[in-house]
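To start, the structure under review is shown below, and the notes come after it.
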2 protein chains.
Amino acid sequence: MTSRSAGSERPKAEPPQSAPPLTPGARRILDTAAELFYERGITATGVDTVAEAAQITKRTLYNRFGSKDALVTAYLRERDERWRALVTEAVEERAPGLPRLLAPFDVLTSWTASNSRGCAFVNALAELPDPAHPAHRVAAEEKKWLRALFVRLLGESGLKGRERGELADQLVCLHEGALVLHSLRPGPAALRPARAGARTLLRAKGIGAG
Amino acid sequence: MTSRSAGSERPKAEPPQSAPPLTPGARRILDTAAELFYERGITATGVDTVAEAAQITKRTLYNRFGSKDALVTAYLRERDERWRALVTEAVEERAPGLPRLLAPFDVLTSWTASNSRGCAFVNALAELPDPAHPAHRVAAEEKKWLRALFVRLLGESGLKGRERGELADQLVCLHEGALVLHSLRPGPAALRPARAGARTLLRAKGIGAG
DNA sequence: CCGTAGGTATACAGATCTGTAAAGGCAAGT
DNA sequence: ACTTGCCTTTACAGATCTGTATACCTACGG
């Protein structure tokens, strides 16, 4: 739980698990559940509510997903998948020379346009304290992944050793904090300070950031 | 909701509301509820559970607090009160010349020793999305207060204008992020990067930080 | 033609949740 | 002596929650 030995500082290539294709009904269920879980909270959203909003019967929901816990896990998994894809793309498609390390912060601008309730994974951790819950693991993995991404990019920028891990943690902090601020006062202005702070911290370590 | 006109950049002297003295039973209820709400989540903790753990009857609980929502609000209010007192004390009792702006970060070290489930206010916001819920307001106020504190201290350090607000936001981000990191991997090590990052950001603005 | 997969409709079991009802015990203050 | 405040006990109403049972419809591929 505390630290991993070997590959923990390198983001895995694949998002944890490639999802099997969903039936049309399952697709609609998952989309609906995703919105409701995020917007109203997981525990506060009942399966009846999801089923009704998705315009399917509860029976179908249980046939496709088996349980509410499984549905919650699927929701977080897919969200994780999309988020990683978005960030990965933003990092890779950056014009060379431009600060790839700030890409995750820039992604937030579009991401938060339709997500003003903070970080879904932090929220999930708040509602599902049990570490044995699979959804708990997914949420924890997402944070580890972002940190590992920062570590990798910092490595490519020439930073090594203990300083690298510390700076990665700081970038994660700013990132998380930005989402909290945004949830309190939605709007692009809530994200700017974190990005600027990241740039300052990078510069302080001699990493040019634009 | 978005911004306040006059005194929003100055921390109010009094924690929102001075609590009336509690009966012994009410005291035990509130203590028990505080621990359970924080540790297991608010929605996931029923009033029966609270009553049983506090060794009082549900009737007493309702006689003292009126409703679960009111109990939740009382829980957050008291937590807010204690947190503010702790931070305020740490700021004021700092040896002159020492970086008072880092005091909130130092307080986290002792605070998180018994609070490894992240920020109770962020968690509450996750579980209670309705902005009309009084507990929601309490949580939002807490964040505003911390920012205002940073703004004030930065002002005393000679920083003014737009830069001041931005730096305050950055410190809040680091602060929140530290709590998230700590919830993922509890221990004092989770807090160090945020504190160090704060120092770097302060130095970058010419504010000596120790 | 027939089986299978995806979905529908309705009803229900069993647990748990918030909140209330009714009646009483006990100690302190006046 | 009498009230008032704090708390207890037991029971229950009514809603809501997760999950299941039963039976049926429809489209499609072999």
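Just so you know, these numbers come straight off a predicted model, no measurement behind them. Just so it is clear: chains get the letters A, B, ... in the order the sequence lines come, proteins before strands, and each one is counted from 1.
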- Query: If only side-chain N and O atoms of R64(A) are considered, is one of them under 4.0 Å from the OP1 or OP2 phosphate oxygen of dG7(C)?
  - Reply: yes

- Where each residue is assigned the nucleotide of DNA chain D containing its nearest heavy atom, which of P24(B) and K68(A) is assigned the position nearer the 5′ end? P24(B)

I need the [atom1]-[atom2] distance between [X] and [N], as an integer number of Å.
X	N	atom1	atom2	answer
Y62(A)	dC12(C)	OH	P	19 Å
L61(A)	dT8(C)	CG	P	11 Å
R59(A)	dT8(C)	CZ	P	12 Å

- Item | CZ on R117(A) to CD on E39(A), rounded to 0.5 Å | 6.5 Å

- Answer yes when R84(B) and E141(B) have at least one side-chain N-carboxylate O distance shorter than 4.0 Å, and no when they do not. no

With a cut-off of 3.5 Å and sequence neighbours excluded, list every side-chain donor-acceptor pair involving residues 99-108 of chain A.
from: R100(A); atom 1: NH2; to: E156(A); atom 2: OE1; distance (Å): 2.5
from: D106(A); atom 1: OD1; to: R195(A); atom 2: NH1; distance (Å): 2.4
from: D106(A); atom 1: OD2; to: R94(A); atom 2: NH2; distance (Å): 2.3
from: D106(A); atom 1: OD2; to: R195(A); atom 2: NH1; distance (Å): 2.8

- Message: Considering every strand and a 4.0 Å limit on heavy-atom distances, what is the contact class for T57(B): base, sugar-phosphate, or nothing?
- Response: base

- Message: Any base atoms under 4.0 Å from D48(A), or only sugar-phosphate, or nothing? Heavy atoms, all strands.
- Response: base

- Task: Apply side-chain contact (heavy atoms from CB on, under 4.5 Å) to K143(B) and E176(B), showing your working.
- Result: CA-CA 9 Å; K143(B) 299 284 163 255; E176(B) 294 306 315; 3.2 Å; yes

- Mind checking which nucleotides bracket the chain B contacts on DNA chain D, 5' to 3', with an atom under 4.0 Å from a heavy atom? dC6(D) to dT9(D)

